Amino acid sequence: QVLPVESGGGLVQPGGSLTLSCAASGRAGSHYTIAWFRQGPGTEREFVAAIRWSSRTTVYSDSVKGRFTIRRDNYKNTVVLQMNSLTPDDTAVYYCAEGTGIILSSIRNQRNYAYWGQGTQVTVSS
């Protein structure tokens, strides 16, 4: 099966920016959604942002709203997560996930996503 592939992680200073990319499969299905989750040191994996492929509807967690932007590439099956004003609290492994049939009220629930990438490390440190 084809799984999403993340890229773009790295080390960045506090206040800096970083862009992550997810090469997705472009699966068919209603409410096809691509999301980013993250897991910091000693914490559980948490929702970051999601985008509905067809409608481009976006949803963000409160902790990243106004700082992160998720968007879909018009010409590729790629979703980009633009991260600005990064803080050490954003340090985590970031995972891209794909799912279908996800209603909007459940878009933050990681159990609704069937396909996961390997993750990419983001470290925010001076």
Side-chain angles (χ1 to χ4, degrees):
Q1 58 184 5
V2 178
L3 300 177
V5 179
E6 306 94 339
S7 62
L11 173 64
V12 63
Q13 292 188 340
S17 298
L18 205 60
T19 301
L20 304 183
S21 293
C22 174
S25 69
R27 287 179 169 84
S30 64
H31 301 322
Y32 172 59
T33 303
I34 296 177
W36 287 94
F37 291 81
R38 68 185 181 185
Q39 187 168 17
T43 66
E44 294 184 352
R45 191 159 57 187
E46 64 174 1
F47 172 79
V48 175
I51 185 167
R52 282 276 185 84
W53 191 257
S54 57
S55 67
R56 299 175 190 257
T57 299
T58 57
V59 178
Y60 296 92
S61 68
D62 289 343
S63 62
V64 307
K65 195 176 297 182
R67 299 187 300 124
F68 291 12
T69 301
I70 187 171
R71 65 179 187 271
R72 196 192 96 181
D73 188 295
N74 288 333
Y75 302 104
K76 308 175 187 176
N77 289 334
T78 299
V79 166
V80 171
L81 184 68
Q82 175 65 44
M83 306 185 294
N84 298 325
S85 303
L86 287 163
T87 75
D89 287 341
D90 295 314
T91 295
V93 177
Y94 283 71
Y95 297 92
C96 180
E98 298 181 42
T100 57
I102 302 174
I103 60 176
L104 210 53
S105 60
S106 300
I107 206 168
R108 293 176 174 85
N109 190 336
Q110 59 182 298
R111 287 178 291 183
N112 291 319
Y113 294 85
Y115 307 96
W116 291 80
Q118 292 296 310
T120 185
Q121 176 70 47
V122 172
T123 302
V124 184
S125 174
S126 55

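What you see is a predicted model; the values in this text were computed from it and never measured.
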Main-chain N/O of H31 paired to T33 side chain as donor or acceptor, under 3.5 Å: yes
F68 versus V48, closest heavy-atom pair with distance: CD2-CG1, 3.8 Å
Between Q13 and S126: side-chain donor-acceptor atoms closer than 3.5 Å: no
Side-chain (T58) to main-chain (I51) donor-acceptor, under 3.5 angstrom: no
Heavy-atom closest pair, residues Q82 and S17: NE2-CB, 3.9 Å
From CA spacing to verdict: side chain to side chain contact (heavy atoms under 4.5 Å, CB included), D73, V79: CA-CA 6 Å; D73 188 295; V79 166; over 6 Å; no
Spacing of CG belonging to N84 relative to OG1 belonging to T69, to within rounding of 0.5 Å: 6.5 Å
Transitive ILVMFWY cluster of V5, excluding itself - 4.5 Å side-chain cut-off: none
Transitive ILVMFWY cluster of Y115, excluding itself - 4.5 Å side-chain cut-off: L3
Separation of W36 CH2 from T120 OG1 (nearest 0.5 Å): 7.0 Å
Fellow cluster residues of V59, listed by chain then number, with links counted only when side-chain atoms sit under 4.5 Å apart: F37, F47, V93, Y95, I102, L104, I107, Y113, W116
Donor-acceptor pair between T123 and S125 side chains, under 3.5 angstrom: no
Cluster check V12, L81: I/L/V/M/F/W/Y, side chain < 4.5 angstrom: yes
Results of salt bridge (charged side-chain N to carboxylate O under 4.0 Å, His left out) for R67 - residues two or more places apart only: D90
Donor on one side chain, acceptor on other, N112 and Q110, under 3.5 Å: no
Heavy-atom closest contact (T91 atom, V124 atom, distance): OG1-N, 2.9 Å
Distance-minimising heavy-atom pair for I34 and C96: CG2-SG, 3.7 Å
Salt bridge (charged side-chain N to carboxylate O under 4.0 Å, His left out) pairs, two or more places apart, involving residues 47-62: D62-K65
Selection residues 96-108 - residue pairs positive for salt bridge (charged side-chain N to carboxylate O under 4.0 Å, His left out), sequence neighbours left out: R27-E98
Residue pair S25 / N77: nearest heavy atoms and the distance that separates them: O-ND2, 3.7 Å
Worked verdict on Y32 versus S54 for side chain to side chain contact (heavy atoms under 4.5 Å, CB included): CA-CA 7 Å; Y32 172 59; S54 57; over 6 Å; no
Heavy-atom donor-acceptor pair, E46 side chain to R38 backbone, under 3.5 Å: no
Worked verdict on M83 versus Y94 for side chain to side chain contact (heavy atoms under 4.5 Å, CB included): CA-CA 12 Å; M83 306 185 294; Y94 283 71; 3.9 Å; yes
Non-hydrogen atoms of T78 and S21 that approach each other most closely: CG2-CB, 4.3 Å
